There are 2 protein chains.
Amino acid sequence: MVLKDLPRALHHQPSTYALEDQVGHLLRRAHQRHAAIFLEGIGPAALTPMQWAALVTVVREGKASQNRLGRLTAMDPATIQGVVRRLRARGLITRSADPADRRASVLAPTEAGIALVEATLPAAIAISEATLAPLDPAERRIFLKLLQRMAFA
Amino acid sequence: MVLKDLPRALHHQPSTYALEDQVGHLLRRAHQRHAAIFLEGIGPAALTPMQWAALVTVVREGKASQNRLGRLTAMDPATIQGVVRRLRARGLITRSADPADRRASVLAPTEAGIALVEATLPAAIAISEATLAPLDPAERRIFLKLLQRMAFA
DNA sequence: CCTCGATCATTCGTATACAAATGATCTCTC
DNA sequence: GAGAGATCATTTGTATACGAATGATCGAGG
C-alpha cells in the first residue's frame, strides 16, 4: 500500500496529505524566502533578522531588560541572550546594572546603534515590500490580516 | 529625534515601521505557533516537524538520495544530513549504496518507518487543521492560496 | 578517453530555537 | 518580616538552518 492511499484506507476518503500543501510547510517556505530576501537586502549593516528585530526594538524602547526585550521580539530567554551578546560585541547596545532590580540588567542603544537603525530603516522597509512582491496591494492587505490572526491566535 | 519620527523626516510621510506589522515578523510568529502545535500534537511518534517531513517523503517516494530528499523537503545538504542521521538512529529509514552512482546512497523507509507514518497521519492532519483553526473555511482557502505564492515566488 | 564543470555527501563555523535546570532576587501574603 | 511562588538571566543539551570548503564521482564535449 502506498502512502497516497493511506487516508482512503484508514478513513474511506480520498488522499489529502500532500506535504507541499500543508500550512506548516508553506509557512516554513515563506519564512525561508523572507530570510533570504532579508540577508540579501540588509546590505552593509550585516544584521540577521533577529539582530535587527532586537536592535530596532531597543532603539524604540530606549531601554529594556533582556527578558522584556525577548518578549517584545518573541525570543525566549536562552535565545535573546545570544542575540544581545552579539549586538553588544558590535557596540550597538550597552548593558548596565538596574538599580531597582539586582537580578536584571538594563539594555540601551549606543549612538552607533541608533545611527545604524536610522541608516538601515529604508532597507528594512524595502525588504518587507520585496517579500510581499508576489501579491498586489489588495491581496497584501488580506494576506497580512489573515497572517496576523494565524500568528497571534 | 525618536525612531517613530524617522520615516517622516526621511520621506515626509507618517511613520510606518512597526515590527509587529512587518510580514517577516508575522511569518516567524505564525511558523513558531505551528511548530508548537506540531510538537504538542504529534504525540507518541515524538518527531520534529522536519523529521516528519523527511520521513513522510521517504515513505511516499519509496527511495531517494539524500540530496534529493533535501530538495523535496526544502532542506540544504548540511541540514538534511542531521535529520537523516536521527531517523536512521531510530530505525525508521535505511541507507544503502547506490549501484548506479558511487557518490550517492539510497534512502528507504523501514517497516517501522512505514508503520509510524501510517499511525501518525491522522495526527498530522489534525495538526494542520489546528494551525488553521483561527480562520473559517473560506478564509483558509484564500490564505493558503496567497501563502503558496509567498512561499514559492 | 580525457578533462572540466556539475553533483553527492560531509564537515566546520555561526546563528537561531527551545526545554530544562540553576542560582539570585523580587514580591506578595500572611 | 519570613516564607512561597514568580521573575531575571545563564547554562546545557538537542535540533534546525545555511554559507563555505572539501573530496569523490559523474556526465558531457571535444
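Here is the naming used below: chain letters follow the sequence lines, and residue numbers restart at 1 for every chain. All values derive from a computational prediction rather than experimental measurement.
Listed pair B/Thr48 / D/dT16 meets the phosphate criterion, a side-chain N or O lying under 4.0 Å from OP1 or OP2. Contact annotation: B/Gln32 reaches the phosphate of C/dC18 (side-chain N/O to OP1 or OP2, under 4.0 Å). Here B/Ser105 reaches the OP1 or OP2 of C/dA9: one of its side-chain N or O atoms lies under 4.0 Å away. OP1 or OP2 of D/dT16 lies within a sub-4.0 Å distance of a side-chain N or O belonging to B/Gln51.
Counting heavy atoms from C-beta outward, A/His34 and B/Gln22 have side chains that stay 4.5 Å or more apart. Taking 4.5 Å as the limit, some side-chain heavy atom of A/Leu144 sits within range of a side-chain heavy atom of A/Leu132. You'll find the side chain of B/Leu87 stays beyond 4.5 Å of the side chain of B/Leu107, heavy atoms only. When side chains are defined from C-beta on, B/Leu116 counts as touching B/Arg90, because their heavy atoms get closer than 4.5 Å.
Residue contacts shown for B/Ala104 are limited to sugar-phosphate atoms, with no base heavy atom under 4.0 Å away. As judged by a 4.0 angstrom heavy-atom cut-off over every strand, A/Arg85 is placed among residues making no nucleic acid contact.
A straight line from CD1 of B/Ile80 to P of D/dA17 spans 10 Å, rounded to a whole angstrom. Remark: P of D/dC8 and CG of A/Asp76 are 13 Å apart, rounded to the nearest angstrom. Spacing between atom CZ of B/Arg71 and atom C1' of C/dA9 amounts to 12 Å, rounded to whole angstrom units. Atom CD1 of A/Ile42 and atom P of D/dC18 are 18 Å apart (whole Å). Following rounding to the nearest Å, A/Gln81 (CD) and C/dT22 (P) show an atom-to-atom distance of 19 Å. The distance from atom NE2 of A/His25 to atom P of D/dT16 is 15 Å, rounded to the nearest whole Å. In this structure, CG of A/Leu39 is placed 12 Å from C1' of C/dT14, rounded to the nearest angstrom. Atom P of nucleotide C/dC8 and atom CG of B/Leu107 are separated by 12 Å, given to the nearest angstrom.
Residue order along DNA chain D, read from the 5' end via each residue's closest nucleotide, puts B/His31 first among B/His31 and B/Arg102.
With C/dT16, C/dC8, C/dT25 as the choices, the nucleotide that has an atom nearest any side-chain atom of A/Met50 turns out to be C/dT16. Listed candidates were C/dA6, D/dT12, D/dC8. Nearest to the side chain of A/Arg103 is D/dC8. Nearest nucleotide to the A/Arg86 side chain, out of C/dA15, C/dC8, C/dC26: C/dA15.
Identified under the ring-ring contact (aromatic ring centres under 6.0 Å, His included) test for residues 130-153 of chain A, with sequence neighbours left out: A/Phe143-B/Phe143.
Taken from CZ in B/Arg103 to CD in B/Gln66, the straight-line distance is 13.5 Å, to the nearest 0.5 Å.
In this structure a side-chain-to-backbone donor-acceptor pair under 3.5 Å is missing from A/Thr120 to A/Ala123. A side-chain donor-acceptor contact under 3.5 Å links A/Arg33 to the backbone of B/Met150.
Contact check of residues 61-70 of chain B against DNA chain C (heavy atom, cut-off under 4.0 Å) returns B/Ser65, B/Gln66, B/Asn67.
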